[in-house]
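Taking it in order: structure first as structure tokens, then the write-up.
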Amino acid sequence: MAKYQELADSILTGNNVRSKEITQDLVGKGIDPAEILNGGLIAGMEVVGRKFKANEMYIPEVLIAARAMHAAMDILKPLLSEAGASSKGTAVIGTVQGDLHDIGKNLVSMMLEGAGFNVVDLGVDISPEKFVEAVNSSKADILGLSALLTTTMPAMKEIIDEVRKDGSAKSVKIIVGGAPVTQEYADSIGADGYAADASTAVEVSEKLLTV
Ligand code: B1M
């Protein structure tokens with residue numbers, strides 16, 4: 001659909017006015033918010049990721065693209081949440097200590113909300129202690145950890161160890177994800193689940209809670 005390409009382009013060029021306008025327009029036409037997310041926003045950010053990697057885009061441009069993505073996400077978020085009728089459980093989610101990347105984590109958070117989970121999003125740069133505290137205070141069923149840097153991946157293991165040490169937080173199911181994370185890595189640090197993308201994170205969470 002041409003509008004999706006235009007939406008992806010608005011992300012790529014960091015045009016937050018257009019990204020909002022197009023998203024609003026597509027929503028007004030009754031298009032499924034998850035489709036707008038996947039077809040326009042994620043598609044646009046994927047190109048941003050590739051260009052950043054190839055040094056064809058630099059940090060300020062990437063930040064501007066992220067702002068355009070967030071502007072559109074503000075419109076989609078409540079709609080994705082509405083789509084989930086009753087709560088399937090509580091999920092605490094955050095980006096690990098030392099890591100400021102939150103675009104993918106926000107997508108996972110939104111998709112979980114959209115699927116009917118009650119989500120407690122702690123944000124970025126979260127210490128193991130804060131994760132444990134949040135898991136306990138919200139009686140979480142799922143703990144989601146996101147890391148985008150190879151240097152912050154080890155923080156996932158520290159968090160898992162901390163959570164497993166804490167008696168009351170022990171039973172929470174922990175899923176991990178983020179671009180450098182793999183199933184193999186997830187297994188090696190004792191995570192209960194791994195997801196390569198936001199939709200899979202929902203599937204894995206649902207599966208873990210039905211076991
Ligand atoms: Co940074 N960055 N960045 N960055 N950045 C990467 C990750 C990098 C791969 C770019 C590169 O060099 N090719 C590289 C990491 C290299 C490495 O560790 N091997 C990198 C670097 C080096 C850095 C800095 C160190 C740069 C610097 O300062 N010199 C710095 C670190 C800051 C810090 O965190 N302490 C930095 C900073 C930034 C910005 C602030 C400019 C910005 C972040 C803005 C923001 O998030 N608010 C940024 C961005 C945008 C990127 C890239 C370009 C895009 C990331 C992104 O948002 N992707 C990224 C390059 C890339 O990934 N190709 C890069 C889109 C997003 C939808 O995908 O986050 O992978 P992603 O999420 C996916 C899946 O991974 C999965 O689902 C999501 C959706 O399907 N997923 C989960 C994510 N979390 C999950 C959790 C789950 C399950 C699935 O369960 C709980």
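In this text, all values refer to a predicted model and were calculated from it rather than measured experimentally. Remember, it's 1-based here, ligands and their atoms both numbered in the order they're listed.
- A salt bridge links Glu21 with Arg18; the closest basic N to acidic carboxylate O contact falls under 4.0 Å.
- Checking only distances, Leu63 never comes within under 3.5 Å of ligand 1, N or O to N or O.
- Tracing side-chain contacts under 4.5 Å through hydrophobic residues (I, L, V, M, F, W, Y), one reaches Leu143 starting from Tyr185; they form part of the same cluster.
- For atom 33 (C) of ligand 1, a protein heavy-atom neighbour is found at a distance under 4.0 Å.
- Of the listed residues (His101, Gln97, His70), the one carrying the non-hydrogen atom nearest atom 30 (C) of ligand 1 is His101.
- Close approach of ligand 1 to Leu145 is summarised as follows: ligand atoms under 4.0 Å from at least one heavy atom of the residue are 86 (C), 91 (C).
- Minimum heavy-atom separation, Gly144 to Phe131: O-CE2, 4.3 Å.
- Judged by distance alone, the side chain of Asn38 and the main-chain N or O of Ala34 form a donor-acceptor pair under 3.5 Å.
- Closest to atom 18 (O) of ligand 1 among all protein heavy atoms lies Thr150 N, 2.9 Å.
- Under 4.0 angstrom from ligand 1, there are no non-hydrogen atoms of Val124.
- Heavy-atom contacts of Ile175 reach the following atoms of ligand 1: 90 (O), 91 (C) (cutoff under 4.0 Å).
- Within the structure, ligand 1 lacks Ala65 among the residues with a heavy atom less than 4.0 angstrom away.
- Across all non-hydrogen atoms, the minimal contact from Ile103 to Ala66 is CD1-CB, 3.4 Å.
- The closest protein non-hydrogen atom to atom 52 (C) of ligand 1 is Phe52 CD2, 4.0 Å.
- Among the candidates Leu148, Ile159, Asp125, the single residue satisfying the side-chain contact (heavy atoms from CB on, under 4.5 Å) test with Val96 is Ile159.
- Contact detail for Ala195 and Thr200: the closest heavy-atom pair is CB-C, 3.7 Å.
- Each of the following atoms of ligand 1 lies closer than 4.0 Å to a heavy atom of Val62: 49 (C), 50 (C).
- Across all non-hydrogen atoms, the minimal contact from Ala134 to Ser138 is O-OG, 2.7 Å.
- Contact annotation for Leu107 and ligand 1: only side-chain heavy atoms (C-beta onward) come within less than 4.0 Å of the ligand.
- Within the 4.5 Å cutoff, the side chain of Val108 has no heavy atoms near those of the Ser146 side chain.
- The side-chain heavy atoms of Lys3 and Glu6, taken from C-beta on, include a pair separated by under 4.5 Å.
- Using a 4.5 Å cut-off between side-chain heavy atoms of Ile, Leu, Val, Met, Phe, Trp and Tyr, with links allowed through other members, Val27 and Tyr4 fall into the same hydrophobic cluster.
- Considering only non-hydrogen protein atoms, atom 13 (N) of ligand 1 sits nearest to Lys53 CG, 3.5 Å.
- Counting only heavy atoms from C-beta outward, the side chains of Phe117 and Leu209 approach each other to under 4.5 Å.
- Looking only at side-chain heavy atoms (C-beta outward), Leu41 and Met45 stay at 4.5 Å or farther from each other.
- Ranking protein heavy atoms by distance to atom 25 (C) of ligand 1, first place goes to Leu149 CD2, 4.3 Å.
- Considering backbone and side-chain N/O of Arg50, none are found under 3.5 Å from N/O of ligand 1.
- For ligand 1, the polar-atom distance check finds an N/O of Gly98 within less than 3.5 Å of one of the ligand's N/O atoms.
- Of the listed residues (Val204, Ile103, Val96), the one carrying the non-hydrogen atom nearest atom 57 (O) of ligand 1 is Ile103.
- When heavy-atom distances to ligand 1 are checked against a 4.0 Å cut-off, Val181 has no atom that comes that close, whether in backbone or side chain.
- Residues Met156 and Val181 meet the side-chain proximity criterion, which asks for heavy atoms closer than 4.5 Å.
- Residues Lys105 and Leu145 form no side-chain contact, since every pair of their non-hydrogen atoms from C-beta on lies 4.5 Å or further apart.
- Nearest protein neighbour of atom 61 (C) of ligand 1, counting heavy atoms only, is Gly49 CA, 4.2 Å.
- Of the listed options Gly178, Gly44, Gly104, Gly178 places a heavy atom closest to atom 81 (N) of ligand 1.
- Contact between Asp99 and ligand 1 is present, with at least one heavy atom of the residue lying under 4.0 Å from the ligand.
- Distances below 4.0 Å separate heavy atoms of Ala195 from the following atoms of ligand 1: 88 (C), 89 (C).
- Using a 4.0 Å threshold on non-hydrogen atoms, atom 89 (C) of ligand 1 counts as touching the protein.
- In this structure, atom 9 (C) of ligand 1 has its sub-4.0 angstrom surroundings free of protein heavy atoms.
- For ligand 1, the polar-atom distance check finds no N/O of Asp197 at less than 3.5 Å from any of the ligand's N/O atoms.
- Nearest protein neighbour of atom 65 (C) of ligand 1, counting heavy atoms only, is Met45 CB, 4.1 Å.
- Given atom 29 (N) of ligand 1, the protein heavy atom at minimum distance is Ile59 CD1, 4.3 Å.
- Each of the following atoms of ligand 1 lies closer than 4.0 Å to a heavy atom of Gly144: 91 (C).
- For ligand 1, the atoms sitting less than 4.0 Å from at least one non-hydrogen atom of Ala198 are 77 (O), 79 (C), 80 (O), numbered in the order shown with element in parentheses.
- By the criterion of a heavy-atom distance under 4.0 Å, the side chain of Val108, and not its backbone, is placed next to ligand 1.
- Of all protein heavy atoms, the one closest to atom 76 (C) of ligand 1 is Ala196 O, 3.4 Å.
- Contact annotation for Pro180 and ligand 1: no heavy atom of the residue comes within less than 4.0 Å of the ligand.
- For the pair Asp141 (side chain) and Thr90 (backbone), a donor-acceptor distance under 3.5 Å is present.
- For the pair Asp99/Met153, no side-chain contact is recorded, criterion being any heavy-atom separation below 4.5 Å from C-beta on.
- Within the 4.5 Å cutoff, side-chain heavy atoms of Ile42 are placed close to those of Leu37.
- For ligand 1, the polar-atom distance check against Leu100 finds a nitrogen or oxygen pair separated by under 3.5 Å.
- In this structure a side-chain-to-backbone donor-acceptor pair under 3.5 Å is present from Ser19 to Ala68.
- Heavy atoms of Asp102 approach ligand 1 to within less than 4.0 angstrom.
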